[in-house]
Amino acid sequence: MRKQLNTVGLALFAVLAFLAVLPLFHIIIDVYTKGISAIVELGGLSFLFDIPPTPYDNKGGVGPLLVGTLYMTFLGAVLGVLLGFPLGVYIGEFRKEFFANFSRGGVNILVEFPTITVGLFVYALFSISLVDINPMLEGISNALASVAGGWVKHFIGGLSQFNAYAGALALAIIMIPYVALFTASAYASIEQNTREAAYAIAGREYRAVFIVLRKAVSRAVLAAVLLGTAKIAGETAPLLFTAFGNVYYAPFTEATGAIPLWIWYAAQTPYEVQIASAYGAAAVLLTIVLAIFFAARLRQ
Amino acid sequence: MFGLVLLFSVVVYLLSIFLLMAIKFKWGMRLAGSISLVVISGMMIVFLYEAWPALEQYGFGLLTTAGWDPPREEYGLLPAIIGTLITSAVAIAIAVPLAISIAVTINEMLPRSLRTIFASLVDLIAAMPTVIFGLWGLFVLGPALADFINTAVGEYVAAPLSLLTASILLAIMITPYAAAVIREGYALVPKVVEEAIYSVGATKLEAVFIKLKYVKNYIFGGLFLALGRAMGETVAVAMVIGGNYSRLPQSLLESGITLSSLIALQFPNAAAYAYMIPVLFTAALMVAVLGLVINGVAIYILYKTQI
């Protein structure tokens with residue numbers, strides 16, 4: 001009796017686990033089957049460069065959205081690493097300090113924080129401060145444009161309420177705790193011998209921590225950076241109120257499109273062609289995320 | 001003026017982190033370590049500031065009434081609060097057994113070589129864009145679920161977009177998170193304990209239950225982490241919940257709204273009304289406080305276990 005119960009119980013666990021994983025496979029397969037046929041239908045390779053279709057078009061693409069996603073993800077990742085790495089080092093290397101407990105608690109909360117609040121936070125910061133900052137930025141932009149040419153104005157200038165930099169800032173805030181947590185666990189796993197050797201040869205403390213010890217954990221930290229980048233490349237909620245979305249190639253100082261934002265918008269329209277383009281965009285986005293993810297896995 | 005002060009303080013803060021690192025290394029690191037706390041407290045202050053007009057105008061009644069009539073400036077967040085609680089409760093009820101099953105299956109049944117593949121699959125789901133879950137929920141899960149219920153009941157009772165669709169989609173999304181935490185704890189059961197369990201003649205199933213009891217703190221911790229995710233999830237939920245702003249939901253098969261999806265769906269037309277933006281910031285404040293409390297509890301449970 002106990003033997004049979006054992007078999008039945010274990011089989012039940014396995015079936016439930018299988019059921020839990022099944023939808024995830026189905027999502028990936030569904031996105032790729034519908035997405036690839038949509039891409040072929042909407043223009044093949046030019047799907048990557050064209051602007052999104054209006055309801056009356058039968059061709060279109062994700063060009064401006066791809067540019068916006070890559071630009072904001074890159075800026076967000078750079079800023080996220082610049083701030084997240086020292087934060088992670090502090091939590092990992094100085095974990096015995098009293099204050100490090102608070103810091104670690106804060107990071108742990110922030111990593112699970114609803115991402116929509118980050119978007120609203122950045123929106124509020126920008127709506128409060130743009131009036132004062134814009135004259136300054138316009139001055140800088142004009143000065144640079146007179147030296148380097150007009151193209152500078154696509155990147156620097158008076159910002160509107162929704163712009164690529166707000167989006168990048170929101171993505172960076174989401175990236176910081178990811179990088180910090182992975183960095184912290186990597187630094188915490190350094191053996192005491194290595195640590196003492198590093199302090200002995202490095203001279204200044206910051207050289208020991210940031211240069212010598214970093215070499216010991218560089219693989220783990222790089223993997224953390226890539227995983228965080230994969231995460232922010234697919235974020236939608238924080239971009240809703242910061243980048244807002246755009247379907248044209250526009251200066252980054254204006255509302256900027258992103259692939260997740262287009263999926264969110266186009267999926268809710270009643271037009272077949274836009275829904276198809278949402279699936280195509282989803283396939284592109286999933287490819288980007290999967291590529292970064294597997295790059296991170298191979299590094300480990 | 002306020003903007004310049006803000007910009008100035010941010011610049012000073014960031015510069016002083018890197019300057020202090022060169023002069024007084026430890027203090028520079030401490031300043032860097034406070035980034036997370038600065039962001040969280042900054043968020044709370046900003047939300048409170050932005051929500052203040054609505055709190056002043058409507059008082060506590062904003063949270064206890066139902067209604068959404070922007071032209072008359074009448075708002076109530078009760079349907080959203082109830083929707084958030086219902087969807088996340090149902091999602092957790094579905095997700096916990098599934099997450100435990102995943103953890104048990106990985107650790108007890110799969111060979112070691114498959115374990116890492118399965119584990120990185122779970123990590124992959126954590127990195128999957130939520131909007132893709134929403135897309136799948138909107139075009140695959142919702143219609144399939146409605147068809148299933150309607151044929152099972154024999155009459156037309158369910159629509160594709162409902163609280164139930166949102167709950168099941170949430171359950172699918174949060175199961176891997178909870179599973180990862182539980183699996184981590186499960187793998188930490190000491191070898192001695194495992195040997196003791198088998199030495200008294202337990203079958204594998206009985207051993208599994210004893211071990212699960214042994215790691216119950218991890219199960220609770222994972223449960224709370226998943227709950228935090230479920231309550232804060234925005235885009236995927238907003239795509240499948242249907243957007244019923246004003247009426248209290250009577251059953252799971254009706255369309256509804258949650259706090260975060262309310263913000264996402266109503267924000268584009270909020271600027272046209274006097275009090276809608278503050279009301280939405282009130283919702284954001286609630287989401288943030290909920291996130292803080294639930295994740296705080298989760299982290300407290302997991303910390304306590306580790307030490």
Side-chain angles (χ1 to χ4, degrees), chain A residues 2 5-6 9-10 13-14 16-17 20 23-24 27 30-31 83 86-87 90-91 94 99-100 102-103 105-110 112-114 116-117 120-121 124 128-133 173 176-177 205-206 227 230-231 234 236-237 240-241 260 263-264 267-268 278 282 285-286 289 293 297, chain B residues 1-4 6-7 17 21-22 25 29-30 32-37 39-40 43 46 50 97-98 101-102 104-105 109 120 124-125 127-136 138 140 172 175 203-205 225 228-229 232 234-235 239 260 263-264 267 281 284 287-288 291-292 295-296 299:
Chain A
R2 279 173 72 217
L5 198 66
N6 180 36
L10 288 179
F13 273 125
L16 279 180
L24 307 165
I27 289 172
D30 180 59
V31 163
L83 296 177
L87 173 58
Y90 175 69
I91 301 171
F94 300 94
F99 181 64
F102 288 96
S103 184
V107 173
N108 272 316
I109 287 180
L110 202 57
E112 298 292 337
F113 223 59
I116 191 169
T117 57
L120 275 172
F121 176 55
I128 292 169
S129 58
L130 271 185
V131 197
D132 303 322
I133 297 173
I173 293 178
I176 288 170
E205 202 175 1
Y206 83 91
L227 278 181
K231 175 80 192 162
T236 318
L240 281 172
F241 322 119
I263 301 173
W264 149 261
Q268 302 188 56
L285 182 65
L286 199 56
V289 171
F293 182 82
R297 278 287 149 203
Chain B
M1 192 57 224
F2 194 74
L4 286 182
L6 191 76
L7 183 71
I17 287 179
M21 269 186 204
F25 182 70
M29 292 306 287
R30 277 175 201 153
S34 61
I35 291 173
S36 54
L37 303 175
V39 170
I40 292 177
M43 221 181 261
V46 165
E50 292 279 345
L98 294 179
S101 305
I102 290 183
V104 169
T105 310
M109 287 173 238
S120 58
L124 172 64
I125 284 79
M128 277 257 280
T130 51
V131 71
I132 288 182
F133 281 99
L135 193 66
W136 183 78
L138 184 58
V140 179
I172 292 171
T175 299
T203 61
K204 204 165 187 181
L205 184 68
L225 276 188
R229 283 264 163 191
T234 308
V235 173
M239 284 168 95
S260 45
I263 302 170
F267 198 84
F281 269 104
V287 173
L292 205 61
N295 290 321
I299 289 156

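Computed from a predicted model, the values in this text were never measured in an experiment. In what follows, chains carry the letters A, B, and so on, assigned in the order in which the sequence lines appear, proteins first and then strands, with residues in each chain numbered from 1.
For A:Leu286, the parts sitting under 4.5 Å from any heavy atom of chain B are the backbone and the side chain alike. With a 4.5 angstrom heavy-atom cutoff, A:Ile263 touches chain B via backbone and side-chain atoms both. Using a 4.5 Å cut-off between heavy atoms, B:Val46 contacts chain A through its side chain alone, with no backbone atom that close. Both the backbone and the side chain of B:Leu135 come within contact range of chain A, judged by heavy atoms closer than 4.5 Å. Only the side chain of A:Phe293 has a heavy atom closer than 4.5 Å to any heavy atom of chain B. With a threshold of 4.5 angstrom between heavy atoms, A:Pro177 does not approach chain B through any atom at all. Heavy atoms of A:Leu120 lying under 4.5 Å from chain B belong to its backbone as well as its side chain. If you measure heavy-atom distances from B:Met21 to chain A, the contacts under 4.5 Å come from both the backbone and the side chain. Heavy atoms of B:Leu292 lying under 4.5 Å from chain A belong to its backbone as well as its side chain. Using a 4.5 Å cut-off between heavy atoms, A:Asn108 contacts chain B through both its backbone and its side chain.
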Step-by-step side-chain contact (heavy atoms from CB on, under 4.5 Å) determination, A:Leu240 to B:Phe267: CA-CA 9 Å; A:Leu240 281 172; B:Phe267 198 84; over 6 Å; no

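Considering only heavy-atom pairs separated by less than 4.5 Å from chain A, the leading option among B:Gly291, B:Ala288, B:Gly228, B:Ala284 is B:Ala288. The candidate from B:Gly232, B:Pro129, B:Gly296, B:Gly134 with the greatest count of non-hydrogen atom pairs under 4.5 Å with chain A is B:Pro129. Per-residue counts of heavy-atom pairs under 4.5 Å with chain A were compared for B:Ile263, B:Thr130, B:Val287, B:Leu7; the largest is that of B:Ile263. Chain A forms more heavy-atom pairs under 4.5 Å with one residue of B:Ile17, B:Val131, B:Leu4, B:Thr105 than with any other, namely B:Val131. Of the listed residues (A:Leu110, A:Val131, A:Ile116, A:Leu16), the greatest number of heavy-atom pairs within a distance under 4.5 Å of chain B belongs to A:Ile116.
Environment of CZ in A:Phe99: crowded, with over 12 heavy atoms of neighbouring residues, nucleotides or ligands closer than 6.0 Å.
To the nearest 0.5 angstrom, B:Ile132 atom CD1 is 8.5 Å from A:Ile27 atom CD1.
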